[in-house]
Amino acid sequence: MCLAIPACVEEIVSEDCAIVNLSGIRREVSLALMENVEIGDYVIVHVGFALQKIDPLEAQQTLAMFAKMQNEDDPFADN
Amino acid sequence: MCLAIPACVEEIVSEDCAIVNLSGIRREVSLALMENVEIGDYVIVHVGFALQKIDPLEAQQTLAMFAKMQNEDDPFADN
Amino acid sequence: MKYIDEFRDGTLAKKIASAIKNEVNPNRRYQLMEFCGGHTHAISRYGIPDLLPGNVRMIHGPGCPVCVLPVGRIENAIRLAQQPGVILCSYGDMLRVPTDHGMSLLKIKAQGADVRMVYSSTDAVRIAQENPQHQVVFFAIGFETTTPPTAIAIKQAQAMGLNNFTVFCNHVLTPPAISHILQSPEVRQLGWVPLDGFIGPAHVSTIIGSHPYDYFAEEFQKPVVIAGFEPLDVMQAILMLIQQINQGRADVENEFTRAVTREGNLKAQYLVAEVFELRRVFEWRGLGWVPYSALRIKAAFADFDAEKRFQIPALSIADHKACECGAILRGIKQPQDCKIFGTVCTPDNPVGSCMVSSEGACAAHYSYGRFRQTA
Amino acid sequence: MKYIDEFRDGTLAKKIASAIKNEVNPNRRYQLMEFCGGHTHAISRYGIPDLLPGNVRMIHGPGCPVCVLPVGRIENAIRLAQQPGVILCSYGDMLRVPTDHGMSLLKIKAQGADVRMVYSSTDAVRIAQENPQHQVVFFAIGFETTTPPTAIAIKQAQAMGLNNFTVFCNHVLTPPAISHILQSPEVRQLGWVPLDGFIGPAHVSTIIGSHPYDYFAEEFQKPVVIAGFEPLDVMQAILMLIQQINQGRADVENEFTRAVTREGNLKAQYLVAEVFELRRVFEWRGLGWVPYSALRIKAAFADFDAEKRFQIPALSIADHKACECGAILRGIKQPQDCKIFGTVCTPDNPVGSCMVSSEGACAAHYSYGRFRQTA
Amino acid sequence: MKSTGKSVIAGNAAYVRPIDFKKGRVEMGHGGGGRMTMQLIDTLFLTAFDNDILRQMNDQACFSVPAGRMVMSTDSHVVSPLFFPGGDIGSLSVNGTINDVAMSGARPHYLSASFILEEGFPLSDLKRIVESMAKAAHSAGVPIITGDTKVVEKGKGDGVFITTTGVGSVPDGIHISSELARPGDKILLSGTLGDHGIAILSLRENLTFHTSVQSDTAALHELVASMIQAVPAIHVLRDPTRGGLATALNEIARQSGVGIKLREDKLPIHEQVRAACEFLGFDPLYVANEGKLIAICEPELADKLLQTMRASPLGRDAAIIGEVIADPHCFVQMETIFGGQRVVDWLSGEQLPRIC
Amino acid sequence: MKSTGKSVIAGNAAYVRPIDFKKGRVEMGHGGGGRMTMQLIDTLFLTAFDNDILRQMNDQACFSVPAGRMVMSTDSHVVSPLFFPGGDIGSLSVNGTINDVAMSGARPHYLSASFILEEGFPLSDLKRIVESMAKAAHSAGVPIITGDTKVVEKGKGDGVFITTTGVGSVPDGIHISSELARPGDKILLSGTLGDHGIAILSLRENLTFHTSVQSDTAALHELVASMIQAVPAIHVLRDPTRGGLATALNEIARQSGVGIKLREDKLPIHEQVRAACEFLGFDPLYVANEGKLIAICEPELADKLLQTMRASPLGRDAAIIGEVIADPHCFVQMETIFGGQRVVDWLSGEQLPRIC
Ligand code: SF4
Ligand code: SF4
Ligand SMILES: [Mg+2]
Ligand SMILES: [Mg+2]
Ligand SMILES: [Mg+2]
Ligand SMILES: [Mg+2]
Ligand SMILES: [Mg+2]
Ligand SMILES: [Mg+2]
Ligand SMILES: [Mg+2]
Ligand SMILES: [Mg+2]
Ligand SMILES: [Mg+2]
Ligand SMILES: [Mg+2]
């Protein structure tokens with residue numbers, strides 16, 4: 001549900017319009033639902049609209065949480 | 001110019017409309033330009049309109065005139 | 001096919017050919033013009049020249065309404081058809097006729113214009129009924145034969161109260177064109193009229209009757225024989241003309257008595273008179289401006305006049321410089337005398353009016369008679 | 001793909017799987033519902049069930065807006081699209097969804113209706129601009145994520161003064177649907193709620209924030225973990241839920257902190273509040289009538305409301321008798337418990353809501369997991 | 001390569017609702033390559049065309065050939081209306097390509113058939129067409145062994161277009177080609193002119209007239225086989241389809257560098273075809289045929305060939321219609337029923353109904 | 001059958017105005033069979049495709065074959081847009097049919113090409129397409145030897161549809177067919193998935209996104225030739241075109257009565273194709289390819305086959321992507337990058353861009 005993809009803002013075309021890039025795929029998106037978007041921000045794109053920025057710090061922390069598990073767990077235990 | 005074909009009135013559909021037959025090909029034609037058309041009449045048809053009746057007597061006389069030539073002329077003279 | 005096949009009998013044709021051969025004076029030329037494309041068609045289609053003595057030559061006249069329509073009017077029709085919301089209807093013959101820059105109704109149809117081929121004027125009225133949101137223009141062409149059906153269409157549309165149907169009227173008249181040929185400066189320049197007699201129209205005459213031709217016979221002292229479009233009719237008319245010429249007569253004779261009366265079709269004539277009126281002058285491709293040679297829609301039917309509704313401009317587009325149609329139509333030159341005949345000007349890419357339809361003098365020669373030239 | 005590939009790492013998945021295995025109490029069952037089709041998709045697509053202990057079972061919730069749209073509303077859209085002059089725009093997902101008699105927008109498009117697939121609500125506005133002679137209806141579906149773009153489209157149309165653009169609004173709300181499942185008579189009849197915890201929506205929550213879920217955690221004493229749609233997010237959420245359950249907690253936790261805040265996107269919320277208001281009740285396919293679970297267009301924007309302009313009738317079309325969707329959506333039954341699963345009801349010919357999109361419980365099982373059943 | 005004989009959806013395709021061939025319509029999904037496409041192929045095409053090679057169901061068909069000369073011919077069929085007196089686009093597409101193969105003297109072996117369907121086209125009509133193809137292929141003994149189905153959006157097609165391709169092999173010692181006409185050769189025509197074209201035109205909007213003329217669509221390979229058996233030295237065979245007799249003869253004249261002289265009085269034409277042509281301002285020489293052939297051979301062999309043709313039901317009305325002459329201009333000429341001569345020129349554009 | 005070498009309008013066709021390939025458009029007359037048709041064939045098709053067999057200009061093409069097994073394959077091409085990054089409908093129609101012929105292990109010999117043109121289609125585009133076909137056919141060494149041209153009215157076509165049919169011959173001892181996959185066999189893929197489909201989609205109205213992905217359209221017969229030389233015992237070859245890898249594998253599974261197990265981590269996919277699929281809600285397994293092939297062979301031969309494929313530029317990114325298993329349900333399954341399992345089912349209808 002609600003297919004939405006994080007993509008990097010590459011160019012701000014106008015107040016309500018930006019070009020985002022996802023691994024080389026470039027698309028126009030509307031910024032009408034966003035505030036204070038800057039080039040380099042990652043935004044979640046849904047039906048051509050940016051919905052929310054990705055917080056890079058939080059993302060990093062989540063990934064760190066996943067990584068932490070590696071330590072808690074015996075890598076050979078589940079095989 | 002003015003492609004027009006004599007065809008036989010086979011059916012009178014309404015005051016202004018008839019079915020004509022030309023050697024088995026049947027078409028609707030308008031009688032809007034004609035008066036006193038009857039079944040069995042031959043009419044000259046142009047762009048879907050009957051233009052004029054064929055006078056069978058006159059036709060016969062014209063053909064007779066052609067035929068007459070046969071008599072006047074030596075059939076071997078022109079070969 | 002009754003009243004057709006009897007008039008195409010090859011055996012009878014040879015008899016009439018013998019009669020002609022017997023009748024001609026070998027010491028003179030007989031230049032006979034068939035005005036109508038219908039006669040031209042029969043002559044070409046059946047190879048009638050091969051049955052005629054060498055000193056009897058047929059001159060193909062301007063009697064094809066498609067050929068004589070000036071390029072400016074075709075250009076008008078094309079621009080009309082390109083207007084958004086317009087459906088332009090016309091007879092199949094018109095679709096291929098090119099303008100000076102090679103456009104045609106068929107080509108703009110290919111580009112997306114809504115151009116429809118109709119088989120009858122009343123088809124166009126039906127299309128207007130079925131497409132109330134479109135303006136339907138009937139691009140009307142033709143001689144006296146084709147005019148009454150257009151009058152009927154206009155009266156139908158009026159009766160139905162259609163406000164999306166108009167006629168772009170291009171109907172032209174036969175007698176003024178014949179007069180014009182006989183009176184033309186080119187002919188006068190030569191000091192003699194190179195035409196010895198006329199085969200008069202078949203189907204035009206079913207409508208207008210035979211009496212309008214009396215004038216030519218009297219005024220220009222040229223014999224006229226009204227003839228049917230079947231090849232035996234044409235052969236017989238040629239024989240009758242040669243007989244008149246030999247006898248020094250200049251009468252109007254009627255070979256097509258089976259369908260042509262002196263008065264013609266009065267009902268049709270009244271209808272035409274009700275809806276149309278004479279134009280002071282009209283341009284003919286190949287002939288130029290011919291006085292009182294065409295019809296326009298009367299003011300009473302102005303609502304159905306495309307020239308009024310769409311303010312169609314007068315466009316006069318000159319014929320190609322090399323084109324010899326004028327001289328050919330007057331019997332002074334032959335198609336092969338034209339420098340561009342069969343090279344630049346061909347039936348696929350006609351340049352002049354005589355190449356436009358297969359009934360034009362040049363097209364008929366190209367399509368049916370060309371082998372005689374090369375043989 | 002940054003922020004995507006890191007969250008699909010197979011090696012990390014195995015680590016989380018180990019952690020889950022270590023965490024689960026083998027003596028109890030964990031029935032966890034992912035509300036969203038996005039989570040269902042990730043679970044099926046990556047084969048997550050194969051990485052979970054046997055006593056951890058995922059219940060696929062009603063979180064696919066296409067699946068839950070009642071057949072009557074699709075029938076309405078079909079009838080709208082069949083009106084002459086109407087262009088109906090919708091997202092690709094909607095086109096294939098069948099009504100009870102097998103019709104769909106795709107099928108009526110094949111019959112000639114003007115149905116257009118759009119990728120964004122603003123495409124529909126553009127189509128209205130480009131087709132002033134047509135009525136353009138945007139068939140709007142979706143949860144809180146998809147609603148703000150519809151609000152933007154309506155405001156754009158208003159700003160442009162478009163009088164040929166309307167929205168057939170079918171936007172629905174997540175929290176009331178979750179409440180409804182937990183409060184349903186079926187669940188109450190069993191005497192226990194067969195759901196031990198919820199994975200909360202990812203993208204819905206980027207708009208509405210995490211705070212609306214506090215209610216469930218408190219009211220029903222069920223833990224909620226808001227999670228992203230990538231498979232590692234789902235794995236992590238499962239772990240977090242099992243930890244809460246084991247610890248006897250019922251908190252709202254947020255795994256998707258990189259995009260979800262407590263408040264959500266306030267700008268989007270204000271826009272939605274400006275344009276839409278709550279419906280007292282709305283029908284959900286598979287769930288029946290759910291109070292305060294959908295939005296309609298406010299009176300101030302009535303000019304853009306297709307329900308007003310086209311007087312769309314209320315149609316309630318009963319689900320197929322054999323369909324077990326209601327029980328499946330509540331965790332009481334599984335797809336293979338339905339008598340017509342995989343025989344009469346297949347993704348090509350869905351009968352019930354859970355078969356409509358690949359995110360539905362039955363379709364996901366058919367398309368991705370069926371081999372487990374036959375193996 | 002043996003056939004597995006499977007012709008229903010098996011294995012993991014599981015249950016699918018039967019296709020509604022009464023009320024159903026072509027959908028984009030029928031061309032998507034997925035289960036809908038497979039189901040359409042299985043239940044319609046495979047069932048109708050059923051044969052061992054087709055059942056291989058690879059993207060190509062495999063068959064054995066002896067060494068020798070093969071021919072290949074292809075035609076797209078875009079006829080409108082799709083159903084007409086005497087046939088439909090299905091039988092036409094089978095017969096048309098069989099004939100083009102046969103015009104080399106070859107025995108046609110196999111056909112491929114490729115469909116371009118317009119979204120929304122009634123499946124009942126498609127079924128009728130496919131079954132008509134199957135019947136035509138079966139009665140001709142030329143199986144359809146491979147095919148393709150594409151679907152285009154509504155408004156981007158015209159119901160159905162069918163492209164068929166045929167292969168066949170030329171018997172040893174047979175050399176038939178349009179460049180082999182020689183002055184003195186006789187020209188034979190297997191039957192009446194213009195039946196197909198007039199049958200089609202009679203159904204066109206605006207031109208509606210009633211006629212009992214039927215399309216002559218027919219497979220001519222058996223007729224050809226009997227002809228080359230009787231007269232192996234036939235120089236040219238050609239089926240005068242689009243553009244009619246005039247076009248085919250102009251092509252032959254051009255390719256052989258010769259002239260052609262027709263005898264109008266020898267041309268077999270149905271009375272109704274002549275009448276329809278009079279009404280429309282058409283020349284029957286340019287009207288399409290779909291079950292006729294032109295044969296050209298040395299004058300000494302012409303009578304034998306004529307008798308052979310007349311012995312076959314498809315050559316019943318055969319006639320010697322003219323002869324090949326030397327002419328550097330490659331004119332096709334005709335001696336009219338009047339004894340006059342005319343050119344029978346290439347067609348300019350399409351034939352359009354005329355009023356003048 | 002010797003060629004006359006004529007490729008310009010000669011004889012009685014006389015002078016015709018040159019076709020305007022800059023501004024001209026397709027007219028109905030180009031399909032009428034008359035002089036316009038002839039001129040288009042002469043100046044465009046014959047000139048571009050020029051070869052001895054085509055120049056016979058009969059309604060069929062004649063060529064010699066040795067005894068043995070032949071294959072025939074046909075496909076209609078209806079791609080929109082007609083021009084796309086990496087190719088156009090012209091090169092696609094040549095390569096597509098060459099590939100279908102080659103997937104039997106056959107060496108493709110000849111192609112036929114049949115055009116359905118929409119009235120009004122720019123002749124400049126047609127010329128570009130025909131020249132692209134000619135180039136593709138030439139570089140593949142597979143001449144186009146016969147063809148057909150039809151014109152449909154504006155609004156009854158979509159610019160141009162091209163149906164190509166190919167014939168080829170299978171080397172002795174080669175038996176490749178989609179029903180020959182056996183449990184234990186390895187499945188190889190010649191390169192990245194979905195490039196063609198994504199290149200096309202990137203140009204679709206409403207979906208416009210920018211990508212540097214190009215269609216992979218390519219003729220694979222040389223690659224196939226090298227593969228069967230190295231490993232004559234290949235069981236199955238198939239090009240995963242419409243419906244993508246998933247569809248081709250489901251077909252093979254069904255035809256062979258086996259299951260298939262893919263390894264997701266082995267699937268070669270361009271980064272941009274993956275990204276575009278994320279945006280559209282597409283699964284790259286179902287996206288079309290036009291220059292890739294699937295090969296199935298016994299496990300012992302798989303590495304040799306892989307090395308051979310990788311040695312060719314068109315197989316550079318080849319990989320072993322899975323294996324054939326016994327499964328009465330004929331499921332295609334995939335082990336995901338997570339180590340979980342999923343079905344890779346038949347496509348339901350078409351893939352449509354999703355928002356949820
Ligand atoms: S050949 Fe063409 S340009 Fe010359 S006179 Fe005839 S119509 Fe005019
Ligand atoms: S299989 Fe179909 S009918 Fe049965 S529960 Fe699932 S969706 Fe409903
Ligand atoms: Mg052919
Ligand atoms: Mg053919
Ligand atoms: Mg195919
Ligand atoms: Mg259509
Ligand atoms: Mg042929
Ligand atoms: Mg194929
Ligand atoms: Mg293919
Ligand atoms: Mg052909
Ligand atoms: Mg189109
Ligand atoms: Mg293939």
Side-chain angles (χ1 to χ4, degrees), chain C residues 1 4-5 8-10 13-14 17 36-38 41 43-52 63-67 91-96 106 116-120 123 126-127 141-143 145-146 231-232 235 346-350 357-359 363 365-372 374-375, chain E residues 201-202 204-209 246 250 253 259-267 269-286 325-356:
Chain C
M1 296 184 294
I4 299 179
D5 291 333
R8 292 181 186 174
D9 184 309
K14 294 198 178 69
C36 279
H41 179 78
I43 290 166
S44 311
R45 162 76 183 74
Y46 293 93
I48 288 178
D50 295 329
L51 282 79
L52 298 179
C64 161
V66 161
C67 304
Y91 295 125
D93 319 55
M94 270 318 302
L95 299 186
R96 214 184 341 244
L106 221 49
R116 311 232 184 139
M117 187 182 72
V118 292
Y119 191 78
S120 169
D123 292 343
R126 186 183 41 73
I127 290 170
I141 55 151
F143 286 103
T145 328
T146 318
L232 285 187
M235 295 284 291
T346 66
D348 285 326
N349 294 288
S357 93
S358 64
E359 299 176 351
H365 183 61
Y366 184 97
S367 299
Y368 293 113
R370 193 167 22 130
F371 69 96
R372 292 196 186 90
T374 62
Chain E
L201 274 169
S202 73
R204 286 270 166 85
E205 207 200 352
N206 291 355
L207 292 182
T208 324
F209 52 85
N250 270 289
I260 281 174
K261 190 123 176 192
L262 290 179
R263 288 276 305 269
E264 185 177 13
D265 59 349
K266 301 299 184 196
L267 293 176
I269 309 182
H270 263 301
E271 189 64 8
Q272 286 193 19
V273 169
R274 287 181 58 217
C277 285
E278 290 293 333
F279 264 131
L280 298 169
F282 273 27
D283 186 337
L285 294 174
Y286 296 88
I325 58 174
D327 178 0
H329 300 92
C330 303
F331 280 123
V332 177
Q333 296 177 44
M334 183 163 80
E335 185 178 320
T336 72
I337 47 172
F338 266 42
Q341 306 291 325
R342 57 170 278 210
V343 176
V344 177
D345 200 12
W346 293 86
L347 191 60
S348 290
E350 293 183 288
Q351 259 200 131
L352 296 173
R354 292 189 298 119
I355 61 140
C356 60

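What's counted below: heavy atoms across the whole structure, side chains too, no hydrogens, waters or symmetry copies. So that the names make sense, note that chain A is the first sequence line, chain B the second, and so on, each numbered from 1.
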**Student:** Give the member of E/Gln333, E/Glu350, E/Glu271 that has the highest number of heavy-atom pairs under 4.5 Å with chain C.
**Tutor:** E/Gln333
**Student:** Which answer fits E/Gln341, side chain, backbone, both or neither, if we ask what part of it has an atom under 4.5 Å from a heavy atom of chain C?
**Tutor:**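 For E/Gln341, the contact with chain C is made by backbone and side chain together.
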**Student:** Is C/Arg370 salt-bridged to E/Asp345, going by a charged N under 4.0 Å from an acidic O?
**Tutor:**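 A salt bridge links C/Arg370 with E/Asp345.
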**Student:** Against chain C, label E/Glu278 side chain, backbone, both or neither, depending on which of its atoms sit under 4.5 Å from a heavy atom there.
**Tutor:**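 Just the side chain, heavy atoms under 4.5 Å.
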**Student:** Contact part of C/Met94 toward chain E, heavy-atom cut-off under 4.5 Å: side chain, backbone, both or neither?
**Tutor:** neither
**Student:** Considering only heavy atoms from C-beta outward, does the side chain of E/Leu280 approach that of C/Tyr119 to under 4.5 Å?
**Tutor:**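 Yes; the side chains approach each other to less than 4.5 Å.
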**Student:** Checking E/Asn250 side chain against E/Val344 main chain: does a donor-acceptor pair fall under 3.5 Å?
**Tutor:**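 Yes, the answer is positive, given that a donor and an acceptor are paired below the 3.5 Å cut-off.
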**Student:** According to salt bridge (charged side-chain N to carboxylate O under 4.0 Å, His left out), who are the partners of C/Asp9, at least two apart in sequence or on a separate chain?
**Tutor:**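 Per chain and number, C/Asp9 pairs via salt bridge (charged side-chain N to carboxylate O under 4.0 Å, His left out) with no residue.
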**Student:** Which of parallel (below 30°), tilted (30 to 60°) and perpendicular (above 60°) describes C/His41 and C/Tyr368?
**Tutor:** perpendicular
**Student:** Under 4.5 Å from any heavy atom of chain E, what part of C/Thr146 do you find: side chain, backbone, both or neither?
**Tutor:**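 Side chain only.
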**Student:** Output the option from C/Asp5, C/Ile127, C/Ile4 having the highest count of non-hydrogen pairs under 4.5 Å with chain E.
**Tutor:** C/Asp5
**Student:** Under a 4.5 Å heavy-atom cut-off, does chain E meet the side chain of C/Ser44, its backbone, both or neither?
**Tutor:** backbone
**Student:** Hey, which of C/Met117, C/Met235, C/Arg126 has the most heavy atom pairs under 4.5 Å with chain E?
**Tutor:**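 Looking at each of C/Met117, C/Met235, C/Arg126 in turn, C/Met117 comes out on top.
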**Student:** Can you check whether C/Arg8 reaches C/Arg45 side chain to side chain, under 4.5 Å on heavy atoms?
**Tutor:**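 Result no, sub-4.5 Å side-chain heavy-atom pair not found.
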**Student:** Side chains of C/Val66 and E/Arg354: does their closest heavy-atom pair fall under 4.5 Å?
**Tutor:**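 No, their side chains stay 4.5 Å or more apart.
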**Student:** What part of C/Leu95 gets closer than 4.5 Å to chain E, counting heavy atoms only: side chain, backbone, both or neither?
**Tutor:**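 When you check distances to chain E, only side chain atoms of C/Leu95 fall under 4.5 Å.
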**Student:** Quick check for you: among C/Asp93, C/Asp50, C/Ile48, which has the greatest number of heavy-atom pairs under 4.5 Å with chain E?
**Tutor:** C/Asp93
**Student:** As an exercise: rank C/Ile141, C/Val118, C/Leu232 by heavy-atom pairs under 4.5 Å with chain E and give me the winner.
**Tutor:**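 Option with the top pair count is C/Leu232.
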**Student:** When E/Ser348 is tested against each of C/Thr346, C/Asn349, C/Asp348 for side chain to side chain donor-acceptor pair (under 3.5 Å), which residue passes?
**Tutor:**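 With E/Ser348 as partner, C/Thr346, C/Asn349, C/Asp348 yield a single side chain to side chain donor-acceptor pair (under 3.5 Å), made by C/Asp348.
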